[in-house]
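One structure is given here, and the rest of the page talks about it.
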Amino acid sequence: REFLADFFGARSPKAAVAQCEVAAGEAGRIDIVVEWTDEGERHCAVIEHKLKAGEGEDQTVRYRSIAATLWASRSSASPEALPRHPHLLFLALFPWETAKDGEFASRSHRDLIPSLEKAATEVDPVVSALAREWADELKQFYGSMDRLIAVSWEAALRHETPGVLR
């Protein structure tokens with residue numbers, strides 16, 4: 001629920017269902033498709049999850065073009081009752097990695113931390129433990145990355161502009 005609220009503006013999401021590696025015809029496989037109901041309206045999110053590889057040739061362009069069709073074909077409701085376009089999210093490890101298709105919102109795993117921290121307060125002890133552990137791992141990773149970037153930047157400034165930092 002926290003993820004749907006934080007990333008897609010859901011107010012009171014119910015009955016969320018997520019599927020991984022959803023067939024998208026010749027366009028390939030969509031990493032994650034999430035469907036939910038929010039205040040009586042059905043929603044769908046197409047998530048392209050980039051962890052170990054960059055975006056393929058026109059990948060998000062292809063996915064956007066088939067996402068609405070996929071959503072309509074998966075729904076039992078009439079097409080008029082559906083949102084015009086599914087939510088589109090490009091989720092990458094690093095914040096500078098963005099989708100080639102501007103219709104996709106680009107976010108990094110760092111952006112997941114607040115949602116995970118909220119989920120860590122869940123009543124279900126398994127959900128709570130997993131969310132807390134994942135948030136801690138992400139904080140450690142991004143903290144290390146921030147320190148490395150800061151040290152590298154300082155070293156570059158010292159060498160490129162001697163006397164400025166002295």
Considering non-hydrogen atoms only, spot the tightest contact between Lys100 and Glu55 and give its length. N-OE1, 2.8 Å
Is the Phe8 ring parallel, tilted or perpendicular to the His87 ring (thresholds 30°, 60°)? tilted
Which heavy-atom pair separates Ala10 from Asp38 by the least distance, and what is that distance? CA-OD2, 3.1 Å
Can you name the closest pair of heavy atoms from Ser108 and Leu93 and give their distance? CB-O, 4.0 Å
Sequence neighbours left out, what pairs pass side chain to side chain donor-acceptor pair (under 3.5 Å) with at least one residue falling in residues 116-126? Arg1-Glu122, Asp6-Lys118, Glu117-Lys139
A side-chain contact here means heavy atoms from C-beta on lying under 4.5 Å apart; do Glu97 and Ser106 qualify? no
Just by distance, do the side chain of Thr60 and the backbone of Asp101 share a donor-acceptor pair under 3.5 Å? yes
Point-to-point distance, once rounded to the nearest 0.5 Å, from CZ of Arg132 to CG of Leu116: 11.5 Å
Which atom of Tyr63 lies closest to which atom of Arg29, heavy atoms considered: OH-O, 2.6 Å
Test log, rule side chain to side chain contact (heavy atoms under 4.5 Å, CB included), inputs His109 and Leu91: CA-CA 7 Å; His109 281 250; Leu91 183 62; 4.1 Å; yes
Do Ile32 and Phe7 land in one hydrophobic cluster if side-chain heavy atoms of ILVMFWY residues count as linked below 4.5 Å? yes
Here the pair of heavy atoms bringing Val46 nearest to Pro86 is CG2-CB, 4.3 Å
Step by step, work out the side chain to side chain contact (heavy atoms under 4.5 Å, CB included) result for Ile47 and Leu89. CA-CA 5 Å; Ile47 302 170; Leu89 176 64; 4.2 Å; yes
Shared hydrophobic cluster for Leu4 and Val127 (ILVMFWY, side-chain gaps under 4.5 Å): no
Is the shortest side-chain N to carboxylate O distance from Glu103 to Arg64 below 4.0 Å? no
With sequence neighbours excluded, residues passing side chain to side chain contact (heavy atoms under 4.5 Å, CB included) with Glu133: Glu137
So, the side chain of Arg107 versus the backbone of Leu112: is there a donor-acceptor pair under 3.5 Å, distance only? no
Can you get from Leu51 to Val34 by hopping between Ile, Leu, Val, Met, Phe, Trp and Tyr side chains that sit under 4.5 Å apart? yes
Heavy-atom side-chain proximity of Asp31 to Glu21 below 4.5 angstrom: yes
Determine which pairs satisfy ring-ring contact (aromatic ring centres under 6.0 Å, His included) with at least one residue from residues 121-148, sequence neighbours left out, and list them in order. none
Closest non-hydrogen atom pair, Ser115 against Phe3: OG-CA, 3.8 Å
